[in-house]
K.L.:
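What follows is a single structure, and I will ask about it in a moment.
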Amino acid sequence: MTQSVAIVTGAAGDIGRAIARRLGEDHDVVLLADIDGGAAEKAAKDLGDGERFVPIACDVTDAVSVGKLAATAGAQGTVRTLVNNAGAARAVSLHDTTPDIWRMDNALNLEAAFLCFRAVEDMLKESRGSVINIASVNGMNVFGHPAYSVAKAGLLHLTRLIAVEYGKFGIRSNAVAPGTVRTQAWEARAAANPQVFEEARRWYPLQRIVNPEDVANAVHFLAGPLAAAISGVCLPVDCGLTAGQAELARTFSQSSHY
């Protein structure tokens, strides 16, 4: 019997590692792809079983590197789940966004998901598998980081495009849109400003920010059989942030300056 394979890009980070751990519960092999091969190896080692959690260095903005990722996945089994998690944000304001930043943010946060999907689409057809794109509340509303946000908005549309065009092959395509996630980067901010989480949580109706495990749980649900009839949707995992989006967007626009 062919092994089921999940691919998680950006897997060395807190969110990627949490997603890989969760998908490891019902996939035979999880490929942890990251541009930092050493970090991917450490993440795989931390997760345990070396035969099930397989690290691979991959630049998801490079078609050749993505092709090698797809070949590695094919050698392990058949891809059942693709999670496009790799992403990063650079300039906070449009005023500070250079053409290079615009191109880099779009390449990593949007084009990479297209490259990864096209590289494994035949295997996803075979498995009638699932694509989960990790978007952001920034792709739904105006919260700063414009190049990143525009790319994530495009990622949401790509999610729907895949759902509509490839649904006839049994492929489901969905997105998860996290709000602020309590990663190591935020812990570093908290070390410099112990009030940072207290300041952030006032925007969130649940009075907390998201944990990596919250995102992983949503991905696991969308990838699994309980979501068999769900395709083309964006699931916010944001502790209620976007429910109050109008007030927050108004506050942001009033406080923004160069």
Side-chain angles (χ1 to χ4, degrees), residues 8-10 13 15-16 19 33-35 58-63 65-66 82-119 131-166 173-181 183 185-186 200 203-204 209-210 215 218-219 222 231-239 241-258:
V8 181
T9 68
I15 297 172
I19 292 170
D34 201 279
I35 194 168
C58 179
D59 178 355
V60 292
T61 68
D62 179 79
S65 186
V66 170
L82 168 64
V83 182
N84 288 306
N85 170 66
R90 295 174 177 86
V92 173
S93 71
L94 193 59
H95 178 77
D96 293 329
T97 302
T98 65
D100 281 344
I101 287 174
W102 185 269
R103 285 188 288 268
M104 287 188 293
D105 275 15
N106 275 271
L108 178 58
N109 295 291
L110 175 56
E111 293 173 22
F114 166 77
L115 291 176
C116 289
F117 172 71
R118 290 303 308 275
V131 180
I132 297 102
N133 294 317
I134 306 303
S136 170
V137 293
N138 286 61
M140 303 169 65
N141 303 287
V142 178
F143 295 139
H145 292 99
Y148 169 84
S149 300
V150 167
K152 291 299 189 182
L155 184 61
L156 292 177
H157 196 72
L158 176 63
T159 300
R160 293 188 289 269
L161 287 172
I162 294 171
V164 171
E165 185 170 338
Y166 288 84
S173 174
N174 294 292
V176 172
T180 301
V181 183
T183 61
W186 273 86
W203 301 114
Y204 295 84
I209 63 173
V210 178
V215 180
V219 170
L222 289 172
S231 192
V233 307
C234 171
L235 176 60
V237 179
D238 64 358
C239 293
L241 174 68
T242 49
Q245 61 190 11
E247 178 182 353
L248 180 53
R250 182 168 56 251
T251 301
F252 172 81
S253 65
Q254 291 171 352
S255 63
S256 293
H257 62 277
Y258 302 131

K.L.:
For the backbone of Ile132 and the side chain of Asn174, can you confirm whether one donor and one acceptor N or O come within less than 3.5 Å of each other?
P.N.:
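The answer is no, because no donor-acceptor pair under 3.5 Å joins these two groups.
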
K.L.:
Counting C-beta onward and ignoring hydrogens, is there a side-chain heavy-atom pair between Tyr148 and Ser136 closer than 4.5 Å?
P.N.:
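Touching, per the 4.5 Å side-chain cut-off.
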
K.L.:
Would you name the heavy atoms of Asp96 and Ile101 that are closest together and state the gap between them?
P.N.:
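Smallest heavy-atom distance, with atoms named: O-CD1, 4.0 Å.
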
K.L.:
Would you name the heavy atoms of Ala175 and Ala135 that are closest together and state the gap between them?
P.N.:
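That would be CB-CB, 4.5 Å.
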
K.L.:
What's the separation between atom NE2 in His145 and atom CG in Leu94, rounded to the nearest 0.5 Å?
P.N.:
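His145 NE2 to Leu94 CG: 12.5 Å, rounded to 0.5 Å.
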
K.L.:
To the nearest 0.5 angstrom, please state how far the NE2 atom of His95 sits from the OG1 atom of Thr97.
P.N.:
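So the NE2 of His95 and the OG1 of Thr97 are separated by 10.0 Å.
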
K.L.:
Applying side-chain contact (heavy atoms from CB on, under 4.5 Å), run through Val215 and Val176 and close with a yes or a no.
P.N.:
CA-CA 7 Å; Val215 180; Val176 172; 4.2 Å; yes

K.L.:
Over all heavy atoms of both residues, which pair between Gly232 and Arg160 is shortest? Give the atoms and the distance, please.
P.N.:
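Heavy atoms of Gly232 and Arg160 come nearest at O-CG, 3.7 Å.
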
K.L.:
What distance do Thr61 atom OG1 and Arg103 atom CZ have between them, rounded to the nearest 0.5 Å?
P.N.:
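Separation between the atoms: 13.5 Å.
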
K.L.:
Given side chains that start at C-beta, do those of Pro178 and Ile134 come closer than 4.5 Å, heavy atoms only?
P.N.:
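The answer is yes, as the side chains (C-beta and beyond) meet within the 4.5 Å cut-off.
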
K.L.:
For side-chain contact (heavy atoms from CB on, under 4.5 Å), just list the numbers for Leu241 and Thr180, CA-CA rounded to whole Å, side-chain angles, deciding distance to a tenth of an Å, and then say yes or no.
P.N.:
CA-CA 9 Å; Leu241 174 68; Thr180 301; 5.9 Å; no

K.L.:
In Å, rounded to the nearest 0.5 Å, how long is the span from CH2 of Trp203 to OG1 of Thr242?
P.N.:
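Interatomic distance, Trp203 CH2 to Thr242 OG1, rounded to 0.5 Å: 14.5 Å.
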
K.L.:
Does the side chain of Ile35 reach to within under 4.5 Å of the side chain of Val60, using non-hydrogen atoms?
P.N.:
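No, side chains not in contact.
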
K.L.:
Is Asn84 reaching over with its side chain to a backbone N or O of Thr9, donor-acceptor style, under 3.5 angstrom?
P.N.:
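Side chain of Asn84 to backbone of Thr9, a donor-acceptor pair under 3.5 Å: no, none is there.
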
K.L.:
For a 4.5 angstrom cut-off between non-hydrogen side-chain atoms, does Asn133 reach Phe117?
P.N.:
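No, every pair of side-chain atoms sits at 4.5 Å or beyond.
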
K.L.:
Less than 4.5 Å apart, side chain to side chain, heavy atoms only: is that true for Asn85 and Val219?
P.N.:
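The answer is no; the side chains never approach within 4.5 Å.
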
K.L.:
Give, for atom CG of Asp59 and atom CG of Leu115, the distance between the pair rounded to the nearest 0.5 Å.
P.N.:
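Rounded to the nearest 0.5 Å, the CG-CG separation comes out at 9.5 Å.
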
K.L.:
Can you name the closest pair of heavy atoms from Pro146 and Ser93 and give their distance?
P.N.:
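Closest heavy-atom pair between Pro146 and Ser93: CG-C, 3.5 Å.
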
K.L.:
Specify the closest pair of heavy atoms between Ala119 and Val66, including all atoms of both residues, with the distance to one decimal.
P.N.:
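Shortest heavy-atom contact: CB-CG1, 3.6 Å.
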
K.L.:
Show the nearest heavy-atom pair for residues Ala151 and Asn109, with the distance to one decimal.
P.N.:
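It is CB-CB, 3.6 Å.
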
K.L.:
Once you round to the nearest 0.5 Å, how far does CG of Leu156 lie from SG of Cys234?
P.N.:
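One gets 4.5 Å once the value is rounded to the nearest 0.5 Å.
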
K.L.:
Quick check: do Val131 and Thr159 have side-chain heavy atoms less than 4.5 Å from each other?
P.N.:
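With C-beta onward as the side chain, the pair stays apart.
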
